[in-house]
Every structure is written in structure tokens, then in C-alpha cells.
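I have placed the structure first, in the form of C-alpha cells, so that the comments after it can refer back to it.
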Amino acid sequence: ETGVTQTPRHLVMGMTNKKSLKCEQHLGHNAMYWYKQSAKKPLELMFVYNFKEQTENNSVPSRFSPECPNSSHLFLHLHTLQPEDSALYLCASSQDRQGSGYGYTFGSGTRLTVV
Amino acid sequence: GEDVEQSLFLSVREGDSSVINCTYTDSSSTYLYWYKQEPGAGLQLLTYIFSNMDMKQDQRLTVLLNKKDKHLSLRIADTQTGDSAIYFCAESYLSGGSYIPTFGRGTSLIVHP
């Protein structure tokens, strides 16, 4: 365990379903991130939250909707996804958004398959 | 965004040294990182280097930074089969007053017995 917990580990959903991914950290970090990892592509930064405020939205389609109710929890709400959205979704946290020698702590990810 | 480039694959024999190379584009990066991803897991921070350093050694790991060429390398001495994983180079670039992490595609290291 890295200190960042993601649930579920695996998710299969139809294109008309609505589901949510959850991320939780109790490391005292104040910044949290969603990344998408697809085969043969760089990690794509999706959203950044700092002190519960969304500070980055990297041109992510509206079918992905993040929510950060507090500094320890981050959600990614999914609806009407496409098969090309199938990927590993990684959550990460860090001490602050300035970047530091502590780097970013990642969860194990949710493997999402859209059918 | 900024670009971080890595070769996709590296194959070495157990006991040999592995060198994974990376180039980045943003000269304002304060920290540069190496992460390791094992199958079915997230990314784990291996080591990092501050931009005013040329080299950092941590047990079997040696990081070399050439700021002029924007080139970063990770050397793993005495590579073991347990080192087989994907290794990601990352930089943080400055955007809107804050640092945004950017990762390369990752280098798959395969260690043969």
C-alpha cells in the first residue's frame, strides 16, 4: 500500500452506464490528481485539485466529471463513456502543487473497460 | 504541455548494468523524477534529482542530469529480474504559477536470467 487507495480495482461498464471511481489518501497531502494511462501512450493528466479546488482540466471530455469533497478524497464520475475510454485510471497525491523532491504518490489504479 | 521522450524497450542480462535515457523540454523544471511501475500497480517514486545537481547516487541507482542537453538517465547497477518493470521519467513544468507533472511513455525494462 502506498497510502493512496483506489476503488474499485477493476470496472467493466456499458456505454450507457454511470459509475464512479474513488480515491482516498491519508498522507496529509493537499493536491490530488487524476491520470489516464493507455497502452503505448504517455500518462495523460486529466484533473488537478489543490486544497479541494480544481485548478487544472486538461481538455477532458465532459463525460468525465471529477469531485473533490475534501483534501483526502477524490472521485471521478463516469457517464456515457466510449470504448476508447478503456484504460487504467490512476490517482495521485502530493504535498503541494509546486512539485518537490517528494514527488507524487500514486494509487494502484482502476482498470476500466467500456463495452 | 511539455514533452518527455524515452525509448520504449530495454533488454539486459541479469547482473549487467541498465541505462535508461530520457530527454525533456522544459528548462524550468526544478525536479526531475524516475518512477517504476510493476504489473498491475501504480507508479512508485524511485528517485529524483534537483535541477542544480549533475548526479545523484542511491544504492544501485545513479541518476545523471545534463541540463544543457536536457538529458536525464537512470543507471541500475547489477540489474536483477525483480527490476523488470516500466520506468517513467518525469519533469514538472511551470504553468500558471504552479508546477504540472509530465511523464514520458515509459521504458519497459526486461531482465533475462
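Below, chains carry the letters A, B, ... as their sequence lines are ordered, and counting in each starts from 1.
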(message) Counting heavy-atom pairs closer than 4.5 Å to chain B, which one of A:Gly107, A:Pro42, A:Ala92, A:Gly109 comes out on top?
(response) A:Pro42

(request) Could you look at B:Gln37 and say if it's the side chain, the backbone, both or neither that has a heavy atom under 4.5 Å from chain A? (result) side chain

(message) Between B:Arg60 and B:Asp83 (salt bridge meaning N to carboxylate O under 4.0 Å), is one present in this structure?
(response) yes

(request) Not counting sequence neighbours, which residues clear side-chain hydrogen bond (donor to acceptor under 3.5 Å, both in side chains) with A:Arg9? List them please. (result) none

(message) Using 0.5 Å steps for rounding, measure from the CG atom of A:Leu43 to the CG atom of A:Leu45.
(response) 9.0 Å

(message) Using heavy-atom distances under 4.5 Å, tell me whether A:Gln6 contacts chain B through its side chain, its backbone, both, or neither.
(response) neither

(request) Decide if the gap between the ring center of A:Tyr89 and the ring center of A:Tyr35 is smaller than 6.0 angstrom. (result) no

